[in-house]
Amino acid sequence: MKLLLWHWGRRGGGPMYTYEMAKAMAALPSLEVYLSLSRQSELWRASQDLGLPGWDVDTYTDHFSALRACLRLPRLRSSFGRYLRRENFDWVCTTMTHLWDNFMLGQVRASGARRLLVLHDALLHPGERDLVRARLLRRETRSADAVVTLSNYVRDQAVKHFGLAPGSIQVIPHGPFFYGKPSLEPRSMPRKRPLRVLFFGRILTYKGLDLLLEAMNLLRLEQPRLELVVAGQGRLTQSQTAALDNLGATVINRWLAAEEVSRIIQHGDILVAPYTSSSQSGVLPLAYAHALPVVATPVGGLREQVLDGQTGLLARGVNAPALAEAIARLAGDPELYGRLSAGAMRYVAQSVAWPLLAGQMVDCMREWKPA
């Protein structure tokens, strides 16, 4: 099988997912793997080190250059089409959607290749929704020959909102991103310093920072050893800034370079995902790869990623008292902490190891039959 992994995004989960999947697929027999990436991707050089053939493009670096780059789309579309026809791929796999994808879909179809879409989100997140992007996402999803989702939750959304047949969608869970080396041993709860509660990732409304701040305030008297760390890019409101100051939190409010991520994750002791909605999260398997137990709200795909009592704890509800209760339960039980840390490592090794996920992805394409 001759396969092109295609993603032109620059930062975040898309480039990292593509890199890890390419690395795992390159080791599989009877598979020729090619890459099409943005040269502006933060992982472009690391991806080149994989030694895979491909076709890379210049996209943009900011909003102004993105506007100028749009003028190149007709020429880029023609060049991409010629490349696809020349290489005669069996499959083109879109590892994560990108705004430019819809301009290129006709070229993929004309080349004779089938297309697999890895659908991370069936619906745009609250605060990110707009009619144009929603229509583009719907068109890109419905035009795919095969669809993979990272959770059953997103599969059900795709069935409901895009009219896809349940049997046409394969669920392959999110793998762990390795920024640095994974942990080799389970963690023990620290005894001679405060316990660091980590909120990690982009600061957006649905990520629930306000919920976590309220929960931490409830815990101040009962759990004085807790220390909050907030790391990620996003706009903090005045009330959030005041609450963080009042809690004495450590705040790293900017985009985090890839080389910083592992250090920050290792610095934490408990990862808290206080989301108010979620398809699934790439942050959770990242935490698991560093043997970091998780406390999360029971929303969306998080209920599938957090094995309650095995890799982390699910709060009993999406509210501050329930979240505070789950954090306090973990913070007060060193034996439970060690058990969850070991469970997180097992989950990474046995359930979401990239070679396993890559094999499932290839099986999905090999076993595909026209509807």
Side-chain angles (χ1 to χ4, degrees), residues 6-15 17-18 38 40-41 57 59-74 76-77 80 92-110 115-166 168-169 171 174 201-210 232-235 237 255 275-282 299-302 318 371:
W6 169 36
H7 179 59
W8 290 348
R10 298 179 298 124
R11 304 194 300 182
Y17 183 93
T18 307
S38 166
Q40 284 68 49
S41 165
V57 302
T59 53
Y60 45 82
T61 56
D62 52 34
H63 292 299
F64 180 70
S65 63
L67 291 173
R68 289 189 302 169
C70 287
L71 299 175
R72 295 188 282 104
L73 281 176
L76 178 61
R77 183 175 183 274
F80 189 46
V92 172
C93 175
T94 306
T95 51
M96 190 175 189
T97 58
H98 183 267
L99 283 174
W100 286 5
D101 289 357
N102 275 272
F103 296 98
M104 309 296 159
L105 297 182
Q107 299 290 1
V108 177
R109 180 68 62 188
R115 188 171 67 88
L116 182 145
L117 170 65
V118 182
L119 183 65
H120 295 242
D121 303 297
L123 297 177
L124 300 176
H125 296 297
E128 298 180 326
R129 294 173 181 168
D130 67 70
L131 187 58
V132 173
R133 288 183 63 190
R135 286 180 174 175
L136 290 175
L137 178 60
R138 178 184 177 87
R139 178 175 182 265
E140 184 170 358
T141 303
R142 296 192 66 177
S143 66
D145 294 290
V147 174
V148 163
T149 64
L150 306 180
S151 65
N152 290 292
Y153 179 77
V154 174
R155 180 200 60 192
D156 294 344
Q157 286 186 321
V159 169
K160 179 179 179 180
H161 295 283
F162 299 148
L164 302 183
S168 69
I169 305 172
V171 179
H174 204 306
R202 290 189 302 160
I203 300 172
L204 298 167
T205 302
Y206 76 93
K207 295 291 186 76
L209 178 58
D210 286 333
Q233 185 183 46
R235 186 175 182 178
T237 65
W255 183 264
Y275 298 3
T276 57
S277 69
S278 178
S279 303
Q280 66 277 314
S281 173
V299 296
L302 299 190
V318 189

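Scope of the values below: all heavy atoms of this structure, side chains included, with no hydrogens, waters or symmetry mates. Residues: numbered from 1 along the sequence shown. None of the values given here were measured: they were computed from a predicted structure.
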First locate atom [atom1] of [X], then atom [atom2] of [Y], and finally report the distance between them rounded to the nearest 0.5 Å.
| X | Y | atom1 | atom2 | answer |
| --- | --- | --- | --- | --- |
| Leu119 | Ile169 | CG | CD1 | 8.0 Å |
| Ile203 | Leu209 | CD1 | CG | 6.0 Å |
| Thr95 | Leu116 | OG1 | CG | 10.0 Å |
| His98 | Leu136 | NE2 | CG | 12.0 Å |
| Glu140 | Thr97 | CD | OG1 | 5.5 Å |
| Asp210 | Thr237 | CG | OG1 | 6.0 Å |

Closest non-hydrogen atom pair, [X] against [Y]:
| X | Y | answer |
| --- | --- | --- |
| Ser151 | Val171 | C-CG1, 3.7 Å |
| Ser41 | Gly9 | CB-O, 3.7 Å |
| Thr276 | Thr205 | OG1-O, 4.2 Å |
| Gly12 | Pro15 | O-CD, 3.4 Å |
| Ala144 | Leu117 | CB-CB, 3.9 Å |

Tell me whether the centres of the aromatic rings in Phe80 and Trp100 are closer together than 6.0 Å.
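No, ring centres 6.0 Å or more apart.
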So do [Y] and [X] actually touch side chain to side chain, heavy atoms under 4.5 Å?
| X | Y | value |
| --- | --- | --- |
| Arg10 | Tyr60 | yes |
| Leu76 | Met104 | yes |
| Leu123 | Leu137 | no |
| Leu105 | Arg115 | yes |
| Thr94 | Val118 | no |

Sequence neighbours excluded, which residues qualify as side-chain contact (heavy atoms from CB on, under 4.5 Å) partners of [X]?
| X | answer |
| --- | --- |
| Val299 | Tyr275, Ser278, Thr297, Leu302, Val318 |
| Arg138 | Arg142, Phe162 |
| Ser279 | Asp121, His125, Val154 |
| Arg11 | Glu42, Gln233, Trp255 |

Residues in side chain to side chain donor-acceptor pair (under 3.5 Å) contact with [X], at least two apart in sequence or another chain:
| X | answer |
| --- | --- |
| Arg72 | none |
| Trp8 | Ser36 |
| Arg109 | Asp145 |
| His120 | none |

Donor-acceptor pair, side chain of Ser168 and main chain of Leu164, under 3.5 angstrom:
no
Is a side-chain N or O of Arg77 found less than 3.5 angstrom from the main chain of Phe103, in a donor-acceptor match?
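Confirmed, Arg77 side chain pairs with Phe103 backbone.
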Pairs meeting criterion salt bridge (Lys or Arg N to Asp or Glu O under 4.0 Å) with involvement of residues 156-166, two or more places apart:
none
Residue list, ring-ring contact (aromatic ring centres under 6.0 Å, His included) with His7, at least two apart or on another chain:
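Once residues adjacent in sequence are excluded, His7 has no partner under the ring-ring contact (aromatic ring centres under 6.0 Å, His included) criterion.
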